[in-house]
Amino acid sequence: MSGVVTGDAVVLGLQPARLPSRALAVLIDLVVVWAAYVLVMIGLVAATASLDEAAVAAVSVAAFLLVLVGAPIAVETLSHGRSLGKAACGLRVVRDDGGPIRFRHALVRGAMGIVEILMTFGVVACVASLVSERGRRLGDVFAGTLVVRERVPAARVLPVPPPPPWLVGRFAGLDLSAVPEGLWLEIRQYLTRARELDPGVGRQLAERLAGQLVARTGTPPPAGVPAEAYLAGVVAERQARDARRALAEAGGGVGVGVGTGAGVWTGTGTGVGTGAGVPGGFGDGGAGVAPAAAVPSGFSPVVPPVQPSAGPSAGPRTGAPPASAPAVGSSREDGPPATGFAPPA
């Protein structure tokens with residue numbers, strides 16, 4: 001990858017195209033351009049048969065410049081750096097900062113291409129590309145451009161081998177919060193490539209990674225456990241914790257909302273509310289269930305008419321409860337009840 005830095009100080013991971021792919025793209029472009037040039041010249045010969053030699057020579061030079069030089073410049077400008085050969089090979093011409101090229105970039109590349117590709121049969125372009133760190137020819141250097149690969153093969157992700165069965169669950173109490181992501185990546189890469197390494201080199205690498213892991217967790221591995229098995233067991237424990245955390249986050253956040261509201265219940269039934277029951281079956285609307293007190297004989301409830309409440313309640317509503325209700329167990333000497341009830345005869 002090439003460390004291309006944009007104007008916003010962002011590092012772009014671009015993979016520069018090397019000489020073989022660039023040579024194939026240039027070869028495809030040259031075949032197409034020369035085929036078009038031959039067809040144009042055949043048409044011009046038929047059209048300029050009646051002209052003199054000077055006029056024919058001028059038309060031939062103009063056709064050469066327009067087809068072999070102007071056409072590639074126009075194609076790269078309109079396609080933002082993708083000619084037919086580059087599109088076939090998965091390449092693109094970009095600026096040094098990773099942006100799309102413009103006409104001036106394509107013009108400089110095309111003008112330099114006459115010298116280093118057409119006049120020297122590509123020798124100068126090949127030498128410059130081999131010498132350059134990012135595979136640039138002289139046209140790219142003067143134009144400030146870079147040919148990069150657009151189709152990068154995706155890396156194959158190998159599964160981590162499971163730990164031995166007798167190690168499953170042995171590291172449930174291990175503190176893994178201090179282990180950095182870089183160390184996890186190294187351990188994963190080692191476990192996926194352990195079978196491809198030399199046994200001695202792989203054992204040394206496993207011991208080194210196990211030592212770093214012990215230094216981060218503060219807990220040594222069990223006695224008699226090989227370093228590779230220890231690493232596999234710890235990685236399996238971390239994957240299990242991540243899976244449990246993901247399931248907990250997916251299943252969390254489910255709750256039941258309970259709406260509350262004030263209401264009046266008459267009779268001796270059960271009212272929904274947290275307030276204490278009052279004579280006549282009054283109860284404050286709320287969460288919870290409290291039985292309403294039975295109506296004593298001889299009581300006749302007198303309730304001022306009010307608008308029905310918007311909150312949910314069970315049973316028929318006849319109005320809202322009074323602003324304050326007497327506490328349960330209060331004596332009659334405290335004065336007349338504040339609920340509007342008349343005492344029995």
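On a predicted model such as this, the values are computed, not experimentally measured, just so you know.
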**Q** Working to the nearest 0.5 angstrom, can you tell me the gap between R208 CZ and L213 CG?
**A** 12.0 Å
**Q** M41, L66: one ILVMFWY side-chain cluster at the under-4.5 Å cut-off?
**A**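 No, M41 and L66 fall in different hydrophobic clusters.
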**Q** I need the minimum non-hydrogen distance between R134 and P16, along with the two atoms involved.
**A**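 R134 and P16 have their closest heavy atoms at O-CB, 3.5 Å.
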**Q** What closest approach, in Å, do A232 and L191 show between heavy atoms, and which atom pair accounts for it?
**A**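 Looking at all heavy atoms of both residues, the closest pair is CA-CD1, 3.9 Å.
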**Q** Please round to the nearest 0.5 Å and tell me the distance separating atom SG of C89 and atom CG of L84.
**A** 9.5 Å
**Q** Output side-chain donor-acceptor pairs under 3.5 Å for residues 141-148, partner residues at least two apart or in another chain, one line each.
**A**
residue: T145; atom: OG1; partner: D140; partner atom: OD1; Å: 2.8

**Q** Give, for atom CG of L174 and atom CD of E237, the distance between the pair rounded to the nearest 0.5 Å.
**A** 7.5 Å
**Q** Got a sec, which pairs hit salt bridge (charged side-chain N to carboxylate O under 4.0 Å, His left out) with one end in residues 218-231, sequence neighbours left out?
**A** R195-E228
**Q** Answer yes or no: is there a donor N or O on one side and an acceptor on the other, between the side chain of S21 and the main chain of A17, under 3.5 Å?
**A**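 Answer holds: no.
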**Q** Would you check if V124 and L138 make a side-chain contact, meaning some heavy-atom pair closer than 4.5 Å?
**A** yes
**Q** Does the side chain of F171 reach to within under 4.5 Å of the side chain of P222, using non-hydrogen atoms?
**A**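 Result yes, sub-4.5 Å side-chain heavy-atom pair found.
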**Q** Heavy atoms, side chains only, cut-off 4.5 Å: are R18 and L130 in contact?
**A**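 R18 does not reach L130 side chain to side chain.
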**Q** Ignoring hydrogens, what is the shortest heavy-atom contact between A106 and T77? Give both atom names and the distance.
**A**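 Heavy atoms only, the tightest pair is CB-OG1, 3.4 Å.
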**Q** Give the minimum heavy-atom separation between Y37 and S60, together with the two atoms involved.
**A**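 Scanning both residues completely, I find the closest heavy atoms to be OH-O, 4.3 Å.
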**Q** Heavy atoms only: give me the nearest G202-Y190 pair and the separation to one decimal.
**A** O-OH, 3.2 Å
**Q** Assess whether a salt bridge exists between E181 and R216, defined as any Lys/Arg side-chain N lying under 4.0 Å from an Asp/Glu carboxylate O.
**A** no
**Q** Looking only at non-hydrogen atoms, find the nearest pair between A88 and I28 and report the distance.
**A** CB-CD1, 4.2 Å
**Q** Quick check against the 3.5 Å criterion: does R95 have a side-chain atom that pairs as donor or acceptor with the backbone of I101?
**A**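 No.
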**Q** Do the non-hydrogen side-chain atoms of H80 and R92 ever get within less than 4.5 Å of each other?
**A** yes
**Q** Only one of R137, R109, R136 passes salt bridge (Lys or Arg N to Asp or Glu O under 4.0 Å) with E116; say which it is.
**A** R137
**Q** Please confirm whether the backbone N or O of A128 pairs with a side-chain atom of S132, one donor and one acceptor, at under 3.5 Å?
**A** no
**Q** Can you hop from L27 to L19 via hydrophobic side chains spaced under 4.5 Å?
**A**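 Cluster IDs for L27 and L19 differ.
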**Q** Using atom types as modelled and distance alone, determine if a side-chain donor or acceptor of R22 lies under 3.5 Å from a backbone N or O of K86.
**A**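 Between the backbone of K86 and the side chain of R22 there is no qualifying donor-acceptor contact (under 3.5 Å).
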**Q** Following the transitive rule for hydrophobic clusters with a side-chain heavy-atom cut-off under 4.5 Å over Ile, Leu, Val, Met, Phe, Trp and Tyr, establish whether L91 and V26 coincide in one cluster.
**A** no
**Q** Measure the spacing between CG of L30 and CD1 of I117 and express it to the nearest 0.5 Å.
**A** 7.0 Å
**Q** Identify whether the distance between the nearest side-chain nitrogen and carboxylate oxygen of R245 and E249 falls below 4.0 Å.
**A**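 Salt bridge absent between R245 and E249.
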**Q** When rounded to the nearest 0.5 angstrom, what is the spacing between CD in Q212 and CG in L209?
**A** 6.0 Å
**Q** Are V108 and V93 joined in one hydrophobic group, where the rule is that I, L, V, M, F, W and Y side chains link up if heavy atoms are under 4.5 Å apart?
**A**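 Each belongs to a different hydrophobic cluster.
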**Q** Please assess I73 against F103 for the test side chain to side chain contact (heavy atoms under 4.5 Å, CB included), listing each intermediate value before the final yes or no.
**A** CA-CA 8 Å; I73 294 175; F103 172 73; 3.9 Å; yes
**Q** Does some side-chain heavy atom of E150 sit less than 4.5 Å from a side-chain heavy atom of R82?
**A** yes
**Q** Is the number of heavy atoms from other residues, nucleotides or ligands under 6.0 Å of R104 CZ greater than 12?
**A**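 Open: at most 12 neighbouring heavy atoms sit under 6.0 Å from CZ of R104.
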**Q** Within the supplied structure, the quantity of interest is the number of heavy atoms (other residues, nucleotides, ligands) at a distance under 6.0 Å from R102 CZ; does it exceed 12?
**A** no
**Q** How many angstroms lie between CG in L68 and CG in D29, if you round to the nearest 0.5 Å?
**A** 12.0 Å
**Q** Apply the test side chain to side chain contact (heavy atoms under 4.5 Å, CB included) to residues R241 and L176: give CA-CA distance (whole Å), side-chain angles for both, the deciding distance (0.1 Å), then the verdict.
**A** CA-CA 10 Å; R241 294 182 185 181; L176 305 177; 3.7 Å; yes
**Q** When clusters are formed by joining ILVMFWY residues with side-chain heavy atoms under 4.5 Å apart, either directly or through shared neighbours, do L183 and L231 land in the same one?
**A** yes
**Q** Strictly distance-based, threshold 3.5 Å: is any side-chain N or O of S129 a donor or acceptor partner for the main-chain N or O of A125?
**A**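 Answer holds: no.
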**Q** If you define the side chain from C-beta out and look only at heavy atoms, does anything of Y230 sit under 4.5 Å from V214?
**A** yes
**Q** Does any part of the side chain of P72, heavy atoms only, come nearer than 4.5 Å to the side chain of V33, both counted from C-beta?
**A**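 They are in contact (side-chain heavy atoms under 4.5 Å apart), so the answer is yes.
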**Q** In the structure I gave you, are the side-chain heavy atoms of D175 and T219 within less than 4.5 Å of one another anywhere?
**A** no
